[in-house]
Amino acid sequence: MSTIRLEIVSPLRGEIYANDINMLIVRSIAGELGILPRHARLLTELVPHVMRVKAEGGEIQIAVGGGFMEVTPELITVLANAAELEDAIDVERAKAAYKRASDRIAAYQSHSKDYGEIDIRRAENALARAKARLAVKGIKVD
């Protein structure tokens, strides 16, 4: 089976993952995408989600906190705001982040005049990142 190179990097942690894979399933601002070897060129923004990587050894999941993806026929480059493999995720920290974000959103919804638009966007983004991290660990929320 043919492969395509996947490289995931983040500003804080550098290289997160690099390997030859069979397929990548990601969520962009335009919806879910499946990337196979020899895919057409593509540049897109990613939303926080669970990225699915299919390779010879099976499938792995990576929590991605948004970013950008560039695809060429031979290479997929993900420039992630944050990305974590399953073994790097601290469940208690992710649960705490989920609770903080949920509380902020609830406070905004009940007292919207006290909170700015940027605060709600940041809280929603933090909630999506926490959900992705927990989902990679097999913990479903909401």
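What's counted below: heavy atoms across the whole structure, side chains too, no hydrogens, waters or symmetry copies. None of the values given here were measured: they were computed from a predicted structure.
Of all the heavy atoms in Ala83 and Ala80, the pair that sits closest is CB-CB, 3.9 Å. Ile105 and Ala123 make their closest contact through CG1-CB, 3.7 Å (heavy atoms, listed as atom of the first residue, atom of the second, distance). Contact between Ser10 and Ala82 at its shortest, heavy atoms only, is CB-CA, 4.4 Å. Of all the heavy atoms in Gly34 and Met23, the pair that sits closest is CA-CE, 4.0 Å. In terms of heavy-atom proximity, Ala94 sits nearest to Ala130 at O-CB, 3.8 Å.
With sequence neighbours excluded, the residues that form a side-chain contact (heavy atoms from CB on, under 4.5 Å) with Ala18 are Arg5, Glu7, Glu15. By the side-chain contact (heavy atoms from CB on, under 4.5 Å) test, Ala126 is found to be paired with Ala101, Arg129, residues two or more places apart in sequence or in another chain being considered.
In this structure, the separation between CD on Gln61 and CZ on Arg52 is 7.0 Å, given to the nearest 0.5 Å. The OG atom of Ser2 sits 7.5 Å away from the CG atom of Asn22 when rounded to the nearest 0.5 Å. Atom CD of Glu56 and atom CG of Asn19 lie 9.5 Å apart (nearest 0.5 Å). In this structure, CG in Asp20 is found 4.5 Å from OG1 in Thr3, a value given to the nearest 0.5 Å. From Leu36, atom CG reaches atom CD1 of Ile25 across 9.0 Å, with rounding to the nearest 0.5 Å. Atoms CZ and OH, on Arg121 and Tyr108 in that order, are 9.0 Å from each other to the nearest 0.5 Å.
Applying the salt bridge (charged side-chain N to carboxylate O under 4.0 Å, His left out) test to every pair with at least one member in residues 68-79, sequence neighbours left out, gives no pairs at all. Residue pairs that meet the side chain to side chain donor-acceptor pair (under 3.5 Å) test with at least one member in residues 32-49, sequence neighbours left out, do not exist here. Listed by first and then second residue, the side chain to side chain donor-acceptor pair (under 3.5 Å) pairs that reach into residues 76-97 are Glu84-Arg133, sequence neighbours excluded.
Cluster partners of Leu46 are Ile4, Leu6, Ile8, Ile16, Tyr17, Ile21, Leu24, Val26, Leu33, Ile35, Leu42, Met51, Val53, Ile60, Ile62, Val64, Met69, Val71, Ile76, Val78, Leu85, counting Ile, Leu, Val, Met, Phe, Trp and Tyr whose side-chain heavy atoms approach within less than 4.5 Å, directly or via other members.
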Open item on the list: Run the side chain to side chain contact (heavy atoms under 4.5 Å, CB included) test on Arg100 and Leu127 for me, step by step, so that the C-alpha distance in whole Å, both residues' side-chain angles and the decisive distance to 0.1 Å come before the verdict.
Closed with: CA-CA 8 Å; Arg100 272 192 316 275; Leu127 186 68; over 6 Å; no
